Engineer: 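What follows is a structure written as structure tokens; I'll ask about it next.
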Amino acid sequence: MRLAIGVEYDGSRYSGWQFQPHAPSIQEGLNKALSFVASSDINCVGAGRTDSGVHATGQVAHFDAPVYREPHAWLMGVNSYLPDDICALWVQPVEDNFHARFTAIGRTYFYKILNRKVRSPLSRDRSWWIHKELDARSMQLAAECLIGENDFSAFRASSCQSHSPFRNLSTLKVVRDREYIHIVCSANSFLHHMVRNIVGSLVRVGNGDADLNWIKEVLESRDRRLSGITAPASGLTLTHIDYPSGILDN
């Protein structure tokens, strides 16, 4: 029986979603909890391979259950074995051909910037602190050229293993909320470090180090060396995975 599970986590002390033999990962923690409940080894598969330090409120994974349990029993049992910084949100049965990663048709990430003169002890693991005032409107205007299907080579990590640099970016919104700047980014899928590299580039526009046309020039160059820095992982959260209608109840 195949089940899907929704997961929320604070990625601060983990090496990322993907299992690492010599470092703690979200996948490892979830596998252990699932295996305790099933009294058998379980290996779950996640929809998004979030990096070290990246958080999630809407990660989705699937696993094959060797024993029958009601979804509520899985949920309560798994949470009783998970550490405080990982939590299962829901569990539900799915078709045997469901795949958390390959069935997904879209992902949404949220990035938070703390934009004020002094740092925040409470936001240090949840945002990127930038003391110089940023122009969120300029960042939004510069971002608009990235919407649509493009070659995002200029915003991919050198270690990215994707066969194609093309991605369809459907949403890229930059909004100021008092001392915070929120960036929402949705696409069919993302290249390695793509969101963080886009954010780092938009910040160059926001602080006046680059003009509005610079982002377009970087995109067209397809050269990672010309774009901005990689924004810190702490500000990034995976918030939603999209699936075709009717596949998941959540």
Side-chain angles (χ1 to χ4, degrees), residues 1-110 125-126 161-163 186-192 195 233-234 236-250:
M1 182 179 185
R2 181 158 291 188
L3 294 154
I5 183 170
V7 190
E8 177 177 292
Y9 50 85
D10 176 344
S12 301
R13 70 182 188 93
Y14 295 93
S15 62
W17 165 267
Q18 198 75 3
F19 174 81
Q20 303 288 335
H22 305 297
S25 68
I26 305 298
Q27 186 180 35
E28 178 185 21
L30 190 56
N31 283 347
K32 286 182 178 179
L34 289 167
S35 298
F36 273 122
V37 176
S39 299
S40 181
D41 288 342
I42 289 181
N43 184 35
C44 64
V45 178
R49 297 176 180 177
T50 54
D51 291 330
S52 176
V54 175
H55 317 294
T57 58
Q59 175 71 281
V60 176
H62 78 260
F63 64 96
D64 292 322
V67 294
Y68 178 78
R69 301 276 191 276
E70 290 287 344
H72 183 73
W74 279 109
L75 182 64
M76 295 297 101
V78 167
N79 279 333
S80 69
Y81 288 109
L82 284 171
D84 290 344
D85 48 8
I86 308 175
C87 181
L89 302 175
W90 50 263
V91 178
Q92 71 172 77
V94 289
E95 298 293 331
D96 289 344
N97 62 354
F98 173 85
H99 193 285
R101 182 182 177 193
F102 297 124
T103 306
I105 58 175
R107 286 96 171 150
T108 298
Y109 283 88
F110 172 85
D125 293 328
R126 296 288 190 281
Q161 299 178 352
S162 175
H163 296 301
S186 299
N188 58 333
S189 63
F190 289 91
L191 301 167
H192 191 201
V195 177
S234 57
L236 187 61
T237 301
L238 173 62
T239 60
H240 190 70
I241 307 293
D242 286 312
Y243 292 97
S245 178
I247 288 182
L248 292 180
D249 295 336
N250 298 276

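Quantities reported herein were computed from a predicted structural model and do not represent experimental measurements.
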Engineer: Roughly how far, to the nearest 0.5 Å, is the NE2 atom of His62 from the CD atom of Glu95?
Structural biologist: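 Atom-to-atom, Glu95:CD and His62:NE2 are 13.5 Å apart.
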Engineer: Within the structure provided, determine whether Met1 and Tyr68 are in side-chain contact (heavy-atom separation under 4.5 Å).
Structural biologist: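 Contact flag for Met1/Tyr68 side chains = yes.
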Engineer: Tell me whether the rings of Phe98 and Tyr243 are parallel (<30°), tilted (30 to 60°) or perpendicular (>60°).
Structural biologist: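 Tilted, since the angle between the ring planes falls between 30° and 60°.
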Engineer: Return the minimal non-hydrogen interatomic distance between Ala88 and Leu75, and the atom names on each side.
Structural biologist: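 So the minimum-distance heavy-atom pair works out to O-CD1, 3.3 Å.
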Engineer: Restricting to non-hydrogen atoms, name the atom on Leu248 and the atom on Val94 that form the minimum distance, rounded to 0.1 Å.
Structural biologist: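 Smallest heavy-atom distance, with atoms named: CD2-CG1, 3.6 Å.
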Engineer: Which atom names give the shortest non-hydrogen contact between Ser15 and Gln18, and what distance separates them?
Structural biologist: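 Heavy atoms of Ser15 and Gln18 come nearest at OG-O, 4.2 Å.
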Engineer: Can Trp74 and Leu34 be said to form a side-chain contact (heavy atoms from CB on, under 4.5 Å), step by step?
Structural biologist: CA-CA 8 Å; Trp74 279 109; Leu34 289 167; 4.1 Å; yes
Engineer: Determine yes or no for a side-chain-to-main-chain donor-acceptor pair under 3.5 angstrom, with Asp85 supplying the side chain and Gly11 the backbone.
Structural biologist: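 Not a single qualifying donor-acceptor pair exists.
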Engineer: Quick one: pull up OG1 in Thr239 and NE2 in His55 and give me the separation to the nearest 0.5 Å.
Structural biologist: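 Spacing of OG1 (Thr239) from NE2 (His55) equals 13.0 Å.
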Engineer: Would you find a donor on one side and an acceptor on the other, under 3.5 Å apart, between the side chain of Arg107 and the backbone of Ser186?
Structural biologist: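 Answer holds: no.
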Engineer: Over all heavy atoms of both residues, which pair between Cys44 and Asn31 is shortest? Give the atoms and the distance, please.
Structural biologist: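 Cys44 and Asn31 have their closest heavy atoms at N-OD1, 2.7 Å.
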Engineer: Enter the distance from Asp125:CG to Ser234:OG here, rounded to the nearest 0.5 Å.
Structural biologist: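 Asp125 CG to Ser234 OG: 7.0 Å, rounded to 0.5 Å.
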Engineer: Thr50 and Tyr9: side-chain contact (heavy atoms from CB on, under 4.5 Å), yes or no, with the steps?
Structural biologist: CA-CA 11 Å; Thr50 54; Tyr9 50 85; 2.7 Å; yes
Engineer: Looking only at heavy atoms, which two atoms of Val45 and His99 are closest? And how far apart?
Structural biologist: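 Closest pair (atom of Val45, atom of His99, distance): CG1-CE1, 3.7 Å.
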Engineer: Please confirm whether the backbone N or O of Gly48 pairs with a side-chain atom of Gln59, one donor and one acceptor, at under 3.5 Å?
Structural biologist: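 Present.
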Engineer: Look up atom CD1 in Ile86 and atom CD1 in Ile26, then write down how far apart they are to the nearest 0.5 Å.
Structural biologist: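 Result: 4.0 Å between the selected atoms.
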Engineer: Roughly how far, to the nearest 0.5 Å, is OG of Ser52 from OH of Tyr14?
Structural biologist: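 Rounded to the nearest 0.5 Å, the OH-OG separation comes to 12.0 Å.
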Engineer: Mind checking whether Leu30 and Val78 have side chains closer than 4.5 Å, heavy atoms only?
Structural biologist: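 Yes - at least one pair of side-chain heavy atoms lies under 4.5 Å apart.
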Engineer: Could you tell me if the side chain of Asp10 sits less than 4.5 Å from the side chain of Arg126, heavy atoms only?
Structural biologist: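 Heavy-atom side-chain distance check passes, below 4.5 Å.
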Engineer: So how far is it from Gln27 CD to Gln20 CD, rounded to the nearest 0.5 Å?
Structural biologist: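 Answer for the CD-CD pair, Gln27 versus Gln20, is 9.5 Å.
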Engineer: On a heavy-atom basis, which atom in Leu3 and which in Ala65 lie closest, and how many Å separate them?
Structural biologist: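 The answer is CD1-CB, 3.8 Å.
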Engineer: Apply side-chain contact (heavy atoms from CB on, under 4.5 Å) to residues Phe190 and Leu238 and explain how you reach the verdict.
Structural biologist: CA-CA 11 Å; Phe190 289 91; Leu238 173 62; over 6 Å; no
Engineer: Under the side-chain contact (heavy atoms from CB on, under 4.5 Å) criterion, do Phe36 and Leu82 qualify, and how do the steps go?
Structural biologist: CA-CA 10 Å; Phe36 273 122; Leu82 284 171; over 6 Å; no
Engineer: Is the CZ atom of Phe19 crowded by more than 12 outside heavy atoms at less than 6.0 Å?
Structural biologist: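 Correct, the count exceeds 12.
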